[in-house]
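For reference, the structure discussed in these notes is given below.
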Amino acid sequence: MPELIVVIAVVAIAAALAAPMLGQTAGTRLASAARMLAADIDQTRIATLTRADRPTVLVFADDGSGYHLARAETPDTPIDHPIDPGPYVITFGHGRAASLAGVTIHSLDFDDAPTLAFGRFGHLPQPEPATITLADDGRTLTLTIHPTSGEVAIGELE
């Protein structure tokens with residue numbers, strides 16, 4: 001009898017852990033990807049503010065699968081991630097972004113696409129907002145970066 005209770009408890013725990021992954025929709029994946037990208041855009045801006053002599057840029061993959069952070073002088077070489085061991089590379093569906101399989105970068109609208117850079121005061125080097133649109137299963141979500149402050153706003157799901 002005690003063995004049966006242990007088996008039932010293990011199955012219940014496994015089901016509780018698996019349930020969120022089974023119920024994940026394109027909308028929740030897009031929202032999660034947008035929050036991750038917004039945090040990494042902030043990381044890029046803050047790294048540039050703190051080291052204006054060695055600015056950090058965010059470089060988007062040509063195939064829309066993700067992005068990496070790099071130094072402006074070597075944009076093809078990802079910097080090391082400050083917490084996770086290894087390079088600061090985000091590929092949707094892998095590693096840190098494993099739960100975001102299906103998300104792609106649909107479009108980029110800024111001057112230096114596919115590289116997002118900030119000026120020494122945390123501003124974009126362009127007068128109009130920059131936008132990045134993510135897509136998954138026919139739905140989209142757009143992030144807008146304010147040109148003066150560099151702050152990121154996440155739009156509504158479409």
Side-chain angles (χ1 to χ4, degrees), residues 9-48 55-72 74-118 122-158:
V10 168
V11 170
I13 291 169
L17 292 173
M21 295 174 80
L22 294 173
Q24 195 173 39
T25 65
T28 57
R29 284 190 303 270
L30 282 172
S32 295
R35 285 190 301 272
M36 178 182 282
L37 178 54
D40 289 338
I41 291 169
D42 284 341
Q43 173 67 23
T44 302
R45 184 172 57 88
I46 291 166
T48 297
T56 300
V57 295
L58 197 144
V59 181
F60 294 91
D62 291 335
D63 64 359
S65 63
Y67 54 89
H68 69 269
L69 275 66
R71 297 283 179 221
T74 55
D76 294 331
T77 306
I79 61 173
D80 287 333
H81 195 283
I83 298 170
D84 297 334
Y88 206 131
V89 176
I90 302 299
T91 303
F92 300 126
H94 301 281
R96 191 174 139 210
S99 64
L100 306 177
V103 174
T104 60
I105 297 164
H106 178 66
S107 66
L108 304 170
D109 186 14
F110 44 87
D111 287 350
D112 292 325
T115 302
L116 181 65
F118 291 93
H123 64 284
L124 291 176
Q126 63 188 46
E128 66 279 343
T131 61
I132 302 164
T133 302
L134 303 174
D136 185 6
D137 197 27
R139 301 196 73 184
T140 60
L141 184 59
T142 300
L143 290 82
T144 303
I145 306 162
H146 191 277
T148 306
S149 67
E151 292 185 15
V152 181
I154 299 173
E156 298 293 322
L157 279 168
E158 295 183 21

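The minimum heavy-atom distance linking L141 with G155 is given by the pair CD1-O, 3.0 Å. Closest approach of P75 and V59 over heavy atoms only: O-CG2, 3.5 Å. The two residues Y88 and Q43 make their nearest non-hydrogen contact at OH-CG, 3.9 Å. Nearest heavy atoms, S65 versus D63: OG-OD1, 2.7 Å. Here the closest non-hydrogen pair linking E128 and Q126 is O-NE2, 2.9 Å. When all heavy atoms of M36 and I90 are compared, the pair lying nearest together is SD-CG2, 3.9 Å.
Taking CG of L37 as the reference point, atom CD1 of I132 lies at 5.0 Å (rounded to 0.5 Å). One finds the CD1 atom of I79 at 5.0 Å from the CZ atom of R71 (value rounded to the nearest 0.5 Å). A distance of 11.0 Å separates OG1 in T142 from CD1 in I154, rounded to the nearest 0.5 Å.
In this structure, the side chains of D137 and T25 stay at 4.5 Å or more apart for every pair of heavy atoms. Within the 4.5 Å cutoff, no side-chain heavy atoms of L116 are placed close to those of T44.
Partners of H81 according to the side-chain hydrogen bond (donor to acceptor under 3.5 Å, both in side chains) rule, which considers only residues two or more places apart in sequence or in another chain, are R96. By the side-chain hydrogen bond (donor to acceptor under 3.5 Å, both in side chains) test, T91 is found to be paired with no residue, residues two or more places apart in sequence or in another chain being considered. Judged as a side-chain hydrogen bond (donor to acceptor under 3.5 Å, both in side chains), and not counting sequence neighbours, R139 has no contacts. Checked against side-chain hydrogen bond (donor to acceptor under 3.5 Å, both in side chains), D62 has no partners two or more places apart in sequence or in another chain.
Counting only residues at least two apart or on different chains, no salt bridge (Lys or Arg N to Asp or Glu O under 4.0 Å) pair has a member in residues 101-110.
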Under 3.5 Å, which donor-acceptor pairs do the side chains of residues 100-108 form with other protein atoms, sequence neighbours left out?
unit_1, atom_1, unit_2, atom_2, d
S107, OG, T133, OG1, 3.4

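The backbone N or O of T56 lies less than 3.5 Å from a partner atom in the side chain of T48, making a donor-acceptor pair.
Between F110 and F60, the ring planes lie tilted relative to each other; the angle falls in the 30° to 60° range.
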